[in-house]
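Have a look at the structure below, then the notes.
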Amino acid sequence: QVRLEESGGGLVQTGGSLRLVCEASTSTGGINTMTWFRQAPGKDREFVASIVRSLNFTHYGDSVKDRFTISRDNAKNTLYLHMNDLKPEDSAMYYCALSRGYLFGGGAQQRTDYDYWGQGTQVTVSS
């Protein structure tokens, strides 16, 4: 069983930056896709970005493309999300999720394909 813990959220002004971190409790061997989702109050959980570990293949949601960067450190069992030029509409609870499957592009956007989820970290962007 892999436990995930997100951190790095907080309150930031419009145009600011944050780095989110997702740490896994154990080795993530066997995990092939690592993804960030987010959920704002009253809205569905939304895909943000994914990475296929062995290929370093990344995919981004349209609303964060060119502003967010997903990366991972396999040695540290850690996933990152670097967020730049933040906007109020980026405010949400951010969750990391891991899948044993190889999930590419749009195939990474289905929540039901993920095996492990963290508890989330809150990001609030003030206008």
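Computed from a predicted structure; not experimentally measured. Atoms considered below: every heavy atom in the structure, side chains included; atoms not considered: hydrogens, waters and symmetry mates.
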Query raised in the report: If only atom types and distance count, is the side chain of Trp36 paired as donor or acceptor with the main-chain N or O of Tyr80 below 3.5 Å?
Result: yes

Query raised in the report: Can you tell me if Asp85 uses its side chain to pair, donor with acceptor, with the backbone of Arg67 under 3.5 Å?
Result: no

Report task. Please report the C-alpha distance between Gln110 and Leu103 in whole Å, then the side-chain angles of each, then the deciding distance to 0.1 Å, and finally whether the side chain to side chain contact (heavy atoms under 4.5 Å, CB included) criterion is met. Result -> CA-CA 9 Å; Gln110 298 302 317; Leu103 306 175; over 6 Å; no

Query - Side-chain touch Ile70/Met34, heavy atoms, less than 4.5 angstrom - result: no

Query - Side chain to side chain, Val123 and Met83, heavy atoms closer than 4.5 Å - result: yes

Query raised in the report: Can you tell me if Ser127 uses its side chain to pair, donor with acceptor, with the backbone of Pro88 under 3.5 Å?
Result: no

Query raised in the report: Arg100 and Ile31: side chain to side chain contact (heavy atoms under 4.5 Å, CB included), yes or no, with the steps?
Result: CA-CA 4 Å; Arg100 298 186 188 92; Ile31 294 296; 4.2 Å; yes

Query raised in the report: By side-chain hydrogen bond (donor to acceptor under 3.5 Å, both in side chains), which residues pair with Thr35, not counting sequence neighbours?
Result: Tyr114

Report task. Please name all residues satisfying side-chain hydrogen bond (donor to acceptor under 3.5 Å, both in side chains) with Asp62, sequence neighbours left out, ordered by chain then number. Result -> Lys65

Requested in this report: Under the side-chain hydrogen bond (donor to acceptor under 3.5 Å, both in side chains) rule, collect the residues that match up with Arg72, sequence neighbours excluded.
Outcome: none

**Report entry** Minimum side-chain heavy-atom gap Phe104-His59 below 4.5 Å
**Finding:** no

Sequence neighbours excluded and cut-off under 3.5 Å, please list the side-chain donor-acceptor pairs for residues 16-23, or say none.
| unit_1 | atom_1 | unit_2 | atom_2 | d |
| --- | --- | --- | --- | --- |
| Ser17 | OG | Asn84 | OD1 | 2.9 |

Query - side chain to side chain contact (heavy atoms under 4.5 Å, CB included) partners of Ser54, counting only residues at least two apart - result: Val52, Tyr102

Query raised in the report: Where the side chain of Gln39 meets the backbone of Ala92, is there a donor-acceptor pair that is under 3.5 Å apart?
Result: no

Query raised in the report: Would you call Ile51 and Leu79 a side-chain contact if the rule is heavy atoms closer than 4.5 Å?
Result: yes

Query raised in the report: Regarding Arg111 and the six-membered ring of Phe37, is the cationic atom NZ or CZ under 6.0 Å from the ring centre and inside 45° of its axis?
Result: no

Query raised in the report: For Asn74, which residues count as a side-chain hydrogen bond (donor to acceptor under 3.5 Å, both in side chains) partner, sequence neighbours excluded?
Result: Arg53

